[in-house]
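Labels below follow one simple rule: chain letters A, B, ... track the order of the sequence lines, proteins then strands, and each chain is numbered from 1. Computation of the quantities below employed the complete heavy-atom set of this structure, encompassing side-chain atoms and omitting hydrogens, waters and symmetry-equivalent molecules.
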Protein chains: 2
Amino acid sequence: MFEPLDTAPAYLRLSAAIRARILGRELGEGDSLPTETELARQFAVNRSTVREALRNLQSAGLVERRGGGKKLYVSRPAVGAVGDGLREALTLHEARFADVWEALLALEPAVAAAAAKRRDAVQLAELEAIAVEFGASEKLATEAVALVGRFFRALGRASANPVFVLANEPLVQLVEPSLAIIIDRLPQARRRIAAAQRAMVTAIRARDRAAAADWMRRHVEDFRRGFEQAGLPLETVVR
Amino acid sequence: MFEPLDTAPAYLRLSAAIRARILGRELGEGDSLPTETELARQFAVNRSTVREALRNLQSAGLVERRGGGKKLYVSRPAVGAVGDGLREALTLHEARFADVWEALLALEPAVAAAAAKRRDAVQLAELEAIAVEFGASEKLATEAVALVGRFFRALGRASANPVFVLANEPLVQLVEPSLAIIIDRLPQARRRIAAAQRAMVTAIRARDRAAAADWMRRHVEDFRRGFEQAGLPLETVVR
DNA sequence: ATTGTCGGATTGTCGGACAATTATCATGGG
DNA sequence: CCCATGATAATTGTCCGACAATCCGACAAT
């Protein structure tokens, strides 16, 4: 007979309303939002309430401020921001290295295969450049790790699959600290990574999906071995 | 020479400060936050500013209100909430069905294998119950879809890998509407899904990882065929 | 064309206020 | 002694009004 009343706080209903407009494409990426005062007038609430709703949308990445300006623009959630959130969530869920590794083993070969299938010339050149720079490096562990991260991210973009791009990000973030330790402790790590990157680039250049996936699989398995050889237990909780 | 000044608004620095405490485990899950007035006093800002910071943390799932109460408690981001955010992000990134399917094909066999390896008796019973209920159903498409969703989520939990659990969620959410259409249009879809679920349960009961992964692979590939046979183009943008 | 200036618009932050709801606790009954 | 109960205090959600800092756009000066 009667439906339950919506007793949610106004700031939540407000952000839900705007969120729905964005997801329904009535507000497209790049459109600017009305000013806070104007929103307050339209929704007939106080500006403080509007601001709470906006903070909500802002941390979901649905609106953002561009280049030091004041206006808010509708945006698609940035990969980095989504990745940060996922990394936090996984950290608080006490994901262990073994868990992340298991996901990497499932995901990355498919990413590599998709990259081999769909990469364009620019993306191939980027991967090559990163592999060359890594191979030539006598750099600090942190710089080497950053290059590995760039390689994986470039691979994700080359896969032309937004699901892979987004899924990639938190895994790479979570793995980077461990990788730094491995590169520090195991002298052969750099060589093995460089070899794997070369092999993957070659396979991707040849558009050989199977080879790309296979080399990635070895690369990821190597990574686990490195983790163990560096004396770290697989049950280590990542953070 | 000079470092850039931190000119971020107070509400952002405030949420960053609390966020760091939570991620650093100084505030553990279940701890309650001080009241807004108390936070305002400690950080020497106005309560309005505190509230904006809290809205930020709240939508990241780092704090939540429990059972209609007033107090805020530190929490780990709920799987459903993280999944919602990811689904939104993927929608706005214009992920196509083909992209989601490609990710499913990479991820789900690994999830099934992990479930076969690590499931306990309760989780096995849950999977069995869902499969039986699905097999016996003359239900509406929406109910059948809900059961498929429950099957995949139960599988994720049985994998005992939080990365799989979190990655699973948005994919399942994105795929459910398509699945409803398929079940509506293709009479044989129900039978094929039921058969796949039975096979997977059998493999998982026997702890046969390879068989579980293999049946899941077929299941996912079947899903793509169903999508095409239902007359939907793979390039359809999910939402 | 670049730089400086000026007024208006907008955001960030503040203080205070109040109703509605929730937490706390003393108190009396079983 | 334990539990229900009601009064009281604390807290949240929302509003109002205010003001400095900053950004924006237009216009003037170099």
Side-chain angles (χ1 to χ4, degrees), chain A residues 2-19 21-22 27 30-75 78 81, chain B residues 2-22 27 29-75 78 81:
Chain A
F2 293 112
E3 294 166 11
L5 292 175
D6 183 4
T7 59
Y11 64 85
L12 280 182
R13 279 181 289 167
L14 194 47
S15 69
I18 300 175
R19 182 180 299 252
R21 289 269 212 298
I22 294 174
L27 286 172
D31 291 358
S32 70
L33 252 53
T35 64
E36 295 173 353
T37 311
E38 176 59 17
L39 284 172
R41 195 189 61 73
Q42 289 190 28
F43 286 100
V45 296
N46 191 271
R47 189 162 77 97
S48 307
T49 305
V50 170
R51 284 177 64 81
E52 293 188 40
L54 291 178
R55 293 297 86 81
N56 197 324
L57 297 174
Q58 208 172 11
S59 68
L62 266 49
V63 305
E64 68 178 5
R65 232 172 275 288
R66 288 187 179 167
K70 291 194 175 212
K71 280 221 280 277
L72 280 174
Y73 292 88
V74 175
S75 67
Chain B
F2 293 112
E3 294 167 12
L5 293 173
D6 182 6
T7 58
Y11 64 85
L12 281 182
R13 277 180 292 167
L14 194 46
S15 69
I18 299 176
R19 183 180 300 253
R21 292 276 174 85
I22 294 174
L27 287 171
E29 184 192 351
D31 291 359
S32 69
L33 252 54
T35 65
E36 295 173 353
T37 310
E38 176 59 18
L39 284 173
R41 194 190 60 75
Q42 289 191 28
F43 286 99
V45 296
N46 191 272
R47 189 162 77 97
S48 307
T49 305
V50 170
R51 285 176 64 81
E52 293 188 40
L54 289 179
R55 293 298 85 81
N56 196 326
L57 296 174
Q58 210 171 9
S59 68
L62 266 51
V63 304
E64 69 180 2
R65 233 172 273 290
R66 288 187 180 167
K70 287 191 178 227
K71 281 223 279 275
L72 279 175
Y73 293 88
V74 175
S75 68

A.B. asks: Given pairs defined as Watson-Crick or G-U wobble with both distances under 3.5 Å, what dot-bracket annotation applies to DNA chain D, with ( ) intrastrand, [ ] crossing, | other strand and . unpaired?
C.D. replies: ||||||||||||||||||||||||||||||
A.B. asks: Between the protein and nucleotides 20-22 of chain C, which nitrogen or oxygen pairs are less than 3.5 angstrom apart?
C.D. replies:
| unit_1 | atom_1 | unit_2 | atom_2 | d |
| --- | --- | --- | --- | --- |
| C:dT21 | O2 | B:K70 | NZ | 2.7 |
| C:dT22 | OP1 | B:G68 | O | 3.4 |

A.B. asks: If the condition is side chain to side chain contact (heavy atoms under 4.5 Å, CB included), which residues does B:S75 pass it with, not counting sequence neighbours?
C.D. replies: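 For B:S75 the side chain to side chain contact (heavy atoms under 4.5 Å, CB included) partners, ignoring immediate neighbours, are B:E64.
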A.B. asks: Would you name the heavy atoms of A:G30 and A:R66 that are closest together and state the gap between them?
C.D. replies: CA-NH2, 3.6 Å
A.B. asks: Write down the distance between CG (A:L72) and P (C:dT10), rounded to a whole number of angstrom.
C.D. replies: 13 Å
A.B. asks: If we ignore hydrogens and angles and just use 3.5 Å, is the side chain of A:R55 paired with the main-chain N or O of B:A53 as donor and acceptor?
C.D. replies: no
A.B. asks: Between the protein and nucleotides 5-8 of chain C, list the N/O to N/O atom pairs that are separated by less than 3.5 angstrom.
C.D. replies:
none

A.B. asks: Quick one: list whatever passes salt bridge (Lys or Arg N to Asp or Glu O under 4.0 Å) with B:R21, sequence neighbours left out.
C.D. replies: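 B:R21 satisfies salt bridge (Lys or Arg N to Asp or Glu O under 4.0 Å) with B:E26 only.
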A.B. asks: Among residues 39-64 of chain B, which ones have heavy-atom contacts with DNA chain D below 4.0 Å?
C.D. replies: B:R47, B:R51
A.B. asks: Output side-chain donor-acceptor pairs under 3.5 Å for residues 33-46 of chain A, partner residues at least two apart or in another chain, one line each.
C.D. replies:
| unit_1 | atom_1 | unit_2 | atom_2 | d |
| --- | --- | --- | --- | --- |
| A:T35 | OG1 | A:E38 | N | 3.2 |
| A:E36 | OE1 | A:R47 | NH1 | 2.6 |
| A:E36 | OE1 | A:R51 | NH1 | 3.2 |
| A:E36 | OE2 | A:R51 | NH1 | 2.9 |
| A:E38 | OE1 | A:R41 | NE | 3.3 |
| A:E38 | OE2 | A:R41 | NH2 | 2.8 |
| A:E38 | OE2 | A:Q42 | NE2 | 2.9 |
| A:N46 | OD1 | A:S48 | N | 2.9 |
| A:N46 | OD1 | A:S48 | OG | 3.2 |

A.B. asks: About how many Å separate CG of A:L54 and CD1 of A:I18, when rounded to the nearest 0.5 Å?
C.D. replies: 5.5 Å
A.B. asks: Applying side chain to side chain contact (heavy atoms under 4.5 Å, CB included), can you list everything that pairs with A:K71, at least two apart in sequence or on another chain?
C.D. replies: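 Partners of A:K71 by the side chain to side chain contact (heavy atoms under 4.5 Å, CB included) criterion, ordered by chain and then number, come out as A:S32, A:Y73.
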A.B. asks: Reading DNA chain D in the 5' to 3' direction, which nucleotide is the first one with an atom under 4.0 Å from a heavy atom of chain B, and which is the last?
C.D. replies: D:dT11 to D:dT14
A.B. asks: Where is the tightest heavy-atom contact between B:R13 and B:A8, given as atom of each residue plus distance?
C.D. replies: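 Taking every non-hydrogen atom into account, NE-O, 3.0 Å.
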A.B. asks: side-chain contact (heavy atoms from CB on, under 4.5 Å) for B:L14 and B:N56? Distances and angles first, verdict last.
C.D. replies: CA-CA 10 Å; B:L14 194 46; B:N56 196 326; over 6 Å; no
